[in-house]
2 protein chains.
Amino acid sequence: MSVRARIDSEKQKLRRLILQATTDLLAREGFEQVSIRKVASRIGYSATTIYLYFKNKADLIDHVVDDGFARFMLRLGNTGAGDSPPLRQLVAGMRVYIAFALENPNWYRVTFSSRLGRSNNDAQFLTEAATREKGFAVLAASLTQAMAAGEIPKRPLYPAVQTIWATLHGIAMLLINSPQAGIKEQRRVIEGYIELIVNGLRVR
Amino acid sequence: MSVRARIDSEKQKLRRLILQATTDLLAREGFEQVSIRKVASRIGYSATTIYLYFKNKADLIDHVVDDGFARFMLRLGNTGAGDSPPLRQLVAGMRVYIAFALENPNWYRVTFSSRLGRSNNDAQFLTEAATREKGFAVLAASLTQAMAAGEIPKRPLYPAVQTIWATLHGIAMLLINSPQAGIKEQRRVIEGYIELIVNGLRVR
DNA sequence: GACATATCTTAACTCCGTTATTTTACTTTA
DNA sequence: TAAAGTAAAATAACGGAGTTAAGATATGTC
């Protein structure tokens, strides 16, 4: 390894350390408790060092969101229903979606409560839209296959995906904000929702 | 009017002034731009005066949320579909729900992104739950009637209402966060969603 | 007219994001 | 090897935030 390469690798290491510390802090204490100063203190650096690796706080949060999204997509790609009928894959995907949201409530909240840590210029909205697109893609694949296989009637893809995603998001937020609800009730809500949405997809 | 009564009425007047200034600031500039100091400055008082009327910032925001909720409920009670069949009333309520959310995006975001301005002690979670219940009640009434009238199959009320609300919430957030979408596309998404959910309710 | 009380302001504390400046450590090179 | 240069880090500081304590001001009561 060249000197240059070692240096770069060390830079990336600290960068990842910052990201991980921020992710931890977010997961443990929630968005309001995340501050540049706390992140820096956790890893034993001064606050200003963060700015050598991220443009500002919003940029840091954005990268935490992106990292989480990568893990999210990974999970959605491994639902364990790979060779099932497409509709079953779709349902498996919906369950995984909600499960991930419940496992990472603070990350999920930040990720899908856009503009919380962002200013509202167009570029960031585009990024946000692109982020949503990634989520759409996974749902869209199963849905397209389900229609192609004749499991459900054909319909315009985009509105259907939007609706499914919106419902998934709503149920995730509902459950995240109802921590007092027992696991059993959560399952009931989730399965009730899935039944409703699948029924809706079956009829045309 | 007694002296005491006049004094109390003036206190309430300033209290309402603070609430209204906060509501305005929230609507115009978004949650991140709301600060005690700005609210006070807008109405020509010092920041500390706010604390004579509200416990702290979270308390102030909570009351803004509650005020908005009262208007929300009022609108949901006047959908203009009062003597239609229950299922039609339900659909009208869903349209009003989304319309209100789109008219008050910043209020809606704060209201249903709980814990943003709140600490997470149990009492506040209970309040939050109670707040949700109010919204549930309106949906539940139409749904109960629709089942009683035989328009849709009978099913357990609570999970169904939760699911419908979750879907409404999801679609509202989706549209709020997609300001670039045209009105026509918005309508398409909304009607597509309503079709899906009503179809889902019709089948069992 | 003196006192008491309610109302409001000023001052101050801590924490925050962020920037400018300075120090430190390391690499390169004469 | 010593000087120069550079990258990485820390310190100091600014403005703004939420909040509290203390003081000022007005208003009602006896």
Side-chain angles (χ1 to χ4, degrees), chain A residues 1-19 21-22 25-26 28-65 110 115-121 124, chain B residues 1-19 21-22 25-26 28-65 110 115-121 124:
Chain A
M1 170 156 39
S2 76
V3 171
R4 182 85 246 151
R6 176 182 56 79
I7 289 177
D8 285 356
S9 126
E10 278 168 9
K11 278 200 70 163
Q12 286 308 312
K13 211 163 160 186
L14 180 47
R15 194 189 147 89
R16 274 197 298 272
L17 190 60
I18 295 170
L19 277 172
T22 311
L25 188 59
L26 173 64
R28 276 191 231 281
E29 308 192 13
F31 179 71
E32 312 99 272
Q33 292 303 313
V34 174
S35 79
I36 297 273
R37 287 167 138 98
K38 274 191 204 168
V39 169
S41 151
R42 282 198 164 211
I43 57 176
Y45 284 83
S46 74
T48 50
T49 296
I50 309 289
Y51 289 87
L52 300 173
Y53 295 85
F54 298 93
K55 188 168 162 284
N56 51 31
K57 187 183 179 182
D59 184 40
L60 173 56
I61 298 289
D62 277 358
H63 279 90
V64 169
V65 163
V110 170
R115 283 213 265 186
L116 285 189
R118 319 182 179 208
S119 58
N120 49 1
N121 68 51
Q124 276 161 333
Chain B
M1 168 157 40
S2 75
V3 171
R4 184 82 244 154
R6 177 181 58 77
I7 289 177
D8 284 356
S9 127
E10 278 169 9
K11 276 201 72 163
Q12 286 308 311
K13 210 164 159 185
L14 180 48
R15 194 188 147 90
R16 273 196 297 273
L17 190 61
I18 294 169
L19 276 172
T22 311
L25 189 58
L26 173 63
R28 276 190 231 282
E29 308 192 14
F31 179 71
E32 311 100 271
Q33 290 304 312
V34 174
S35 79
I36 296 272
R37 286 166 140 99
K38 275 191 204 168
V39 169
S41 151
R42 281 199 164 210
I43 57 176
Y45 285 83
S46 73
T48 50
T49 296
I50 308 289
Y51 289 87
L52 301 173
Y53 295 84
F54 298 92
K55 189 168 162 286
N56 52 30
K57 186 182 180 183
D59 184 40
L60 173 56
I61 297 289
D62 277 359
H63 279 90
V64 169
V65 163
V110 171
R115 284 213 265 185
L116 285 189
R118 318 182 181 208
S119 58
N120 50 0
N121 67 51
Q124 278 162 331

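In what follows, every chain begins at residue 1, and chains take the letters A, B, ... in the order their sequences are listed.
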Quickly work out the [X] [atom1] to [N] [atom2] distance and round it to whole Å.
| X | N | atom1 | atom2 | value |
| --- | --- | --- | --- | --- |
| Arg15(B) | dC8(C) | CZ | C1' | 18 Å |
| Leu52(A) | dA7(D) | CG | P | 12 Å |
| Ile43(A) | dA8(D) | CD1 | P | 15 Å |
| Tyr53(A) | dA10(D) | OH | C1' | 13 Å |
| Lys13(A) | dA8(D) | NZ | P | 15 Å |
| Ile50(A) | dG17(C) | CD1 | P | 10 Å |

note = Residues Tyr53(B) and Arg15(B): closest non-hydrogen pair is O-NH1, 3.0 Å
State whether the side chain of [X] and the backbone N or O of [Y] hold a donor-acceptor pair below 3.5 Å, judged by distance alone.
| X | Y | answer |
| --- | --- | --- |
| Ser41(A) | Arg37(A) | no |
| Lys38(B) | Leu25(B) | no |
| Thr22(A) | Ile18(A) | yes |

ask   = According to a strict under-4.0 Å criterion, is Thr49(B) in side-chain N/O contact with OP1 or OP2 of dT9(C)?
value = yes
ask   = Which letter, B, S or -, goes with each nucleotide of nucleotides 16-24 of chain D from 5' to 3', with contact meaning a protein heavy atom under 4.0 Å?
value = -BBBBB---
ask   = How is Leu60(B) classified with respect to the nucleic acid when contacts are heavy atoms under 4.0 Å: base, sugar-phosphate, or nothing?
value = nothing
request  = Please indicate whether Lys55(B) has more than 12 foreign heavy atoms, meaning atoms of other residues, nucleotides or ligands, lying under 6.0 Å from its NZ.
outcome  = no
key: Closest to side chain of Ser46(A), choosing from dT11(D), dA8(D), dC8(C)   = dT11(D)
task = Would you check if Phe54(A) and Ile36(A) make a side-chain contact, meaning some heavy-atom pair closer than 4.5 Å?
result = no
